[in-house]
Visitor: 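Could you have a look at this structure, given as structure tokens, before my questions?
Side-chain atoms are counted along with the backbone in the values below, which use heavy atoms only and exclude waters and symmetry mates. Letters go in sequence order (proteins before strands), and every chain restarts at 1.
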Amino acid sequence: MASIPLYDPKHIEKKWQKVWMDNKAFAATNDYTRPKYYTLIEFPYPSGAGLHVGHPRPYTALDIVARKKRMEGYNVLHPIGWDAFGLPTENFAIKNHVHPAEVTQKNIQHFREQLQMLGFSFDYDREVDTTDPAYYKWTQWIFLQMYKHGLAYKSSMPVNWCTSCKCVLANEEVVDGVCERCGSAVIHKQQSQWMLRITAYAQKLLDGLDTVDFIDRVKTSQRNWIGRSEGAELDFALENTDDKLRVFTTRPDTLFGVTYMVVSPEHPYLEKYKSVITNWDELMEYRAAAQRKSDFERTEINKDKTGVEIKGLRAVNPINGKTIPIWVSDYVLMTYGTGAIMAVPAHDERDWDFAKKFDLPIIEVVGGGKNVQEECFPDVATGVMVNSGFMDGMTVAEAKKAVIDYVQEKGFGQRKINYKLRDWVFARQRYWGEPIPIVHCPCCGMVPLDEKDLPLLLPNVKNYEPTETGESPLAKITDWVNCKCPKCGGDAKRETDTMPQWAGSSWYFLRYCDPHNNEALASPEALKYWMNVDWYNGGMEHTTLHLLYSRFWNLFLHDIGVVPLAEPYKKRTSHGMVLAYAYETERDANGQVAPKLDENGNPILKLDSNGKPIIEKMSKSKGNVVNPDDVVDEIGADAFRMYEMFMGAFEQAIPWSTTGARGCRKFIERVWRLQEVLTPEEEISKDLMVSVHTTIKKVSEDYDGMKFNTAIAQMMTLVNEIVKKGSITRGELKTLLLLLDPVAPHVCEEIWELQGFGTPIYTQPWPKYDEKAMVLDEIEIAIQVNGKIKGRIMIPNGMTREEAEALREHEAVVAAVGGKTIVKFIFVPGRLLNIVVK
RNA sequence: GCGGGCGUGGCGGAAUGGCAGACGCGCUGGAUUUAGGAUCCUGUGUCGAAAGGCGUAAGAGUUCGAGUCUCUUCGUCCGCACCA
């Protein structure tokens with residue numbers, strides 16, 4: 001038995017990381033003639049806390065894909081970068097009196113070291129950093145293009161204002177009425193804001209989804225977010241005026257059932273018709289109350305409707321000339337449709353609730369056998385029109401079509417498509433972001449900076465604390481704010497808002513193609529070759545915002561001819577979060593929350609009322625955070641990577657188990673010790689032929705299909721078989737190492753070198769399997785009688801249905817049938833035999 | 001309320017409509033060991049002494065055959081939430 005050194009991951013992992021780095025082993029080449037493959041992970045925000053065990057899960061997954069693709073001969077782009085602008089860094093900097101740029105660089109350094117410790121095959125020569133002026137020059141450039149194309153504009157509007165961050169938030173950043181980041185109350189505030197007209201791309205963003213390979217739940221949530229709905233806009237005359245009140249409805253078929261109108265408290269007609277309104281004070285009181293409410297309160301009370309009738313102003317239903325009252329209620333939103341609705345209480349739940357509360361009439365127009373005075377009937381599938389003049393007797397679908405034709409002909413409405421998607425609030429009143437390259441000139445108005453003057457650098461100053469007024473901290477830096485107008489040369493002031501963090505991450509995948517280019521965001525050749533991203537993996541939490549924003553930017557850049565393809569990502573997958581078992585906690589000597597230990601020093605699990613362990617998100621305050629540094633220290637980076645992939649299905653959220661992770665270390669040691677039983681043959685032995693080829697096939701397919709856990713299980717099965725057999729040939733070991741390398745690259749390289757298998761694995765081709773080598777001579781099939789397993793027999797492999805007829809005489813089959821009459825004889829080749837008897 | 005997902009051993013989880021529980025953790029018993037949180041071997045869904053039953057949240061259905069497909073119910077997680 002050969003004597004081999006002890007497995008020492010600390011030593012060999014450092015060693016191979018250096019070899020890869022020194023040789024630039026994973027650098028993408030600019031040889032545009034080779035087939036390419038672009039793998040992308042969401043670049044991290046380099047927080048002060050460093051990596052936690054959640055980060056490496058998607059990183060390892062795409063590292064496996066990248067390593068395999070390289071071995072298959074692809075020119076692989078597998079880049080990494082830093083999404084480094086953002087509030088936590090700025091807040092940390094303010095608190096500790098250091099410059100955010102300094103904090104950022106320190107955090108990046110820490111992140112980079114941790115990633116390198118895990119042996120990821122990133123191309124570190126292509127790192128991007130969103131806070132690098134050479135990078136944000138192009139973020140600003142893209143903004144200018146949008147400005148020139150009318151997609152960036154300034155508008156005064158109610159914004160979400162975080163009272164603690166002192167900053168405007170996008171709708172998407174307000175969760176349950178509080179700031180997504182800090183949890184403080186969010187109020188509405190009127191402010192002039194930079195906006196991006198993403199709504200102009202609503203339909204393109206929707207259509208594009210049909211052309212890409214995203215997992216379904218990602219597509220679904222994008223579709224829901226865009227929220228397309230088809231209907232009609234209808235004009236209701238205002239009594240005693242020449243004016244019309246325009247509404248949007250998806251149910252024009254119910255027009256005869258309209259018994260009142262509702263407008264949002266912010267509707268401009270309130271001001272416009274102040275003179276004829278007789279209960280103005282009451283209305284204003286209601287509006288003020290509605291505006292004081294946060295979004296959260298508005299939704300909290302959504303069961304109990306409130307409202308005030310506008311006295312002195314009535315509307316006329318254009319289809320029957322009936323005069324109906326107009327109400328104001330905050331269940332109608334100014335930000336969707338026209339800010340006004342026609343209310344059909346018989347067939348809309350919300351209208352029904354409102355009508356019941358204020359005792360408004362309810363008219364049935366879709367017959368459904370229900371008494372609409374007692375219960376709302378919103379069903380569109382089964383009803384037939386009633387009380388609706390020319391539509392009577394039609395189905396809802398027929399009536400919709402007929403009524404739209406009718407109103408278009410009469411000129412009081414037309415078909416209309418609405419989207420829930422709103423324009424994107426694209427400004428933050430904070431320091432640590434990209435300056436917006438616009439100058440405000442008293443003569444010329446808003447003037448964009450000349451492109452040759454980019455990047456517009458963030459001023460390097462000591463004070464960047466948020467102001468109480470809600471102005472950006474940049475507003476106080478007069479040296480920087482005061483400038484000359486690029487157009488007329490007169491005195492002007494710079495825009496002092498900065499861009500939101502989403503900006504830099506909306507195009508970083510383009511920069512990776514050509515990260516050092518100073519003439520363009522990337523060269524057309526590089527973009528043509530590398531785009532689009534073949535496989536993008538990221539968290540479910542980014543499926544609405546980041547994914548939508550970055551698709552929008554790419555679509556826009558495509559439209560202006562900068563990037564070659566409309567959709568940036570060919571395939572998008574999502575990983576499950578790494579969770580934690582909940583532990584009983586206490587404060588340790590340092591006052592930190594730490595798990596309480598039992599007498600054996602093991603943490604005590606927290607159980608629910610059924611005695612099941614509680615699983616929760618990892619967080620510092622719960623004392624359940626697992627630090628990758630500690631895990632790597634104990635079991636090594638290879639075992640760590642392997643456990644990240646083996647712990648469960650990749651898309652599913654899984655709690656981290658320390659003992660489970662140790663199992664992967666055990667497996668790697670088993671592989672290591674195979675060297676002790678290595679025999680000199682270069683071939684794969686006959687008795688392992690089927691298993692080895694089956695494993696190559698299974699592992700290859702499973703890596704491609706994101707089924708990393710079963711790929712690893714298959715390799716474990718093979719190793720178990722080899723250990724049982726007691727020997728392994730060089731050929732078998734080579735194959736195993738090649739398959740295992742993407743998951744556990746350090747140990748595979750080390751064994752490969754120790755056994756003199758040749759140049760490093762990262763230069764080796766991916767193993768191929770031979771279907772013919774996977775065929776057994778004889779196989780076992782099951783015998784079922786009426787679907788119940790009765791026994792098993794060995795039959796020659798490849799037996800056809802005709803040949804199987806002979807099995808009727810087989811001893812085991814006769815015994816299983818037991819003299820009963822055979823009704824049906826079903827032979828499934830390679831699987832089983834099912835006999836139906838009576 | 002709407003949309004999406006998921007319910008399989010003590011645990012994480014495997015199973016193109018075809019032998020449920022692969023693989024791992026944990027636990028059993030044993031071997032080796034001064035020792036073990038090392039290594040190796042054994043066993044490990046459940047009832048049963050065995051033969052043999054029964055088992056994939058519950059119920060129905062389709063099928064020669066259902067964890068897998070259809071319907072109903074329950075539970076659970078996630079997203080959206082007055083979007084007209």
Visitor: By nearest nucleotide on RNA chain B, pick out whichever of A:Lys617 and A:Ile712 is the more 5' one.
Guide: A:Ile712
Visitor: Just verifying a value: how many Å separate A:Leu548 CG and A:Trp424 CH2, rounded to the nearest 0.5 Å?
Guide: 9.0 Å
Visitor: Could you pull out the closest heavy-atom pair between A:Ala812 and A:Ile793, with the gap in Å?
Guide: CB-CG2, 3.5 Å
Visitor: Answer syn or anti for B:G9, where the cut-off is 90° from 0 on the glycosidic torsion.
Guide: syn
Visitor: Please tell me which of A:Gly337 and A:Ala713 maps to the more 5' nucleotide of RNA chain B, matching each residue to the nucleotide holding its nearest heavy atom.
Guide: A:Ala713
Visitor: How many Å lie between CD1 on A:Ile793 and P on B:C19, as a whole number?
Guide: 15 Å
Visitor: If we take the P atom in both B:C11 and B:A22, what is their distance in whole Å?
Guide: 15 Å
Visitor: Taking atom P in both B:U8 and B:C69, compute the distance separating them and give it to the nearest angstrom.
Guide: 15 Å
Visitor: Could you give the CD1-to-P distance, from A:Ile215 to B:C6, as a whole number of Å?
Guide: 12 Å
Visitor: Below 4.0 angstrom, which residues in residues 691-710 of chain A have at least one non-hydrogen atom near RNA chain B?
Guide: A:Lys707, A:Asn709, A:Thr710
Visitor: Taking atom C1' in both B:G45 and B:G30, what distance in whole Å separates the two?
Guide: 24 Å
Visitor: Indicate the ring-plane relationship of A:Tyr331 and A:Phe354, choosing parallel, tilted or perpendicular according to the 30° and 60° boundaries.
Guide: tilted
Visitor: Between B:C40 and B:U33, how many Å separate the two C1' atoms, rounded to a whole number?
Guide: 12 Å
Visitor: Do A:Arg665 and A:Glu669 sit within salt-bridge range, that is, some charged N less than 4.0 Å from a carboxylate O?
Guide: yes
Visitor: Check the angle between the aromatic planes of A:Tyr336 and A:Phe248 and answer parallel, tilted or perpendicular using the 30° and 60° thresholds.
Guide: perpendicular
Visitor: Is any side-chain N of the basic residue among A:Lys10 and A:Asp8 closer than 4.0 Å to the acidic one's carboxylate O?
Guide: no
Visitor: For B:G24 versus B:U44, give the span between their C1' atoms, rounded off to a whole number of Å.
Guide: 14 Å
Visitor: Could you tell me how far apart A:Glu541 (CD) and B:G5 (P) are, to the nearest whole angstrom?
Guide: 20 Å
Visitor: Which pairs, protein N/O on one side and nucleotides 51-61 of chain B N/O on the other, fall under 3.5 Å?
Guide:
from  : atom 1 : to       : atom 2 : distance (Å)
B:G53 : OP1    : A:Lys790 : NZ     : 3.3

Visitor: I'd like to check the side chain to side chain donor-acceptor pair (under 3.5 Å) partners of A:Asn720; sequence neighbours left out, ordered by chain and number.
Guide: A:Arg670
Visitor: Which heavy-atom pair separates A:Ile722 from A:Leu674 by the least distance, and what is that distance?
Guide: CG2-CD2, 3.8 Å
Visitor: Would you say a side-chain N or O of A:Asn720 is under 4.0 Å from OP1 or OP2 of B:A22?
Guide: no
Visitor: Applying side-chain hydrogen bond (donor to acceptor under 3.5 Å, both in side chains) between A:Gln714 and each of A:Asn709, A:Asp702, A:Thr695, report the one that passes.
Guide: A:Thr695
Visitor: B:G75 and B:G65: how far apart are their P atoms, nearest whole angstrom?
Guide: 32 Å
Visitor: Taking atom P of B:A15 as reference, at what distance in whole Å does atom CD of A:Gln714 sit?
Guide: 12 Å
Visitor: For B:C71 and B:C6, measure between their P atoms and round to the nearest Å.
Guide: 14 Å
Visitor: Applying a 3.5 Å limit to both distances, which nucleotide forms a Watson-Crick or G-U wobble pair with B:G61?
Guide: B:C69
Visitor: Treating primed atoms plus P, OP1 and OP2 as sugar-phosphate and everything else as base, which nucleotides of nucleotides 28-45 of chain B get B, S or - for protein heavy atoms under 4.0 Å?
Guide: ---------B-SS-S---
Visitor: Confirm from the modelled atom types if A:Lys305 and B:C82 form a donor-acceptor pair under 3.5 Å, side chain to base only.
Guide: yes
Visitor: Could you check whether A:Arg223 pairs with A:Asp210 (Lys NZ or Arg NE/NH1/NH2 to Asp/Glu carboxylate O, under 4.0 Å)?
Guide: yes
Visitor: Checking A:Asn786 side chain against A:Val837 main chain: does a donor-acceptor pair fall under 3.5 Å?
Guide: yes
Visitor: Below 3.5 Å, can you tabulate the donor-acceptor pairs from side chains in residues 648-659 of chain A to any protein atom, sequence neighbours excluded?
Guide:
from     : atom 1 : to       : atom 2 : distance (Å)
A:Ser657 : OG     : A:Thr659 : OG1    : 3.2
A:Ser657 : OG     : A:Gly660 : N      : 2.9

Visitor: For A:Thr543 and B:G79, is the shortest distance between a side-chain N/O and OP1 or OP2 below 4.0 Å?
Guide: no
Visitor: For nucleotides B:A81 and B:G13, find the distance between their C1' atoms and express it as a whole number of Å.
Guide: 34 Å
Visitor: Which whole-number value in Å describes the distance from A:Trp327 CH2 to B:C82 C1'?
Guide: 17 Å
Visitor: For the pair made of CG in A:Leu333 and P in B:A84, what is the distance, rounded to whole Å?
Guide: 10 Å
Visitor: Kindly write out the residues that satisfy side chain to side chain donor-acceptor pair (under 3.5 Å) with A:Glu780, not counting sequence neighbours, or none if the list is empty.
Guide: none
Visitor: In whole angstroms, how far is the P atom of B:A84 from the OH atom of A:Tyr419?
Guide: 13 Å
Visitor: Find the distance A:Gln784:CD to B:G18:P and express it as a whole number of Å.
Guide: 11 Å
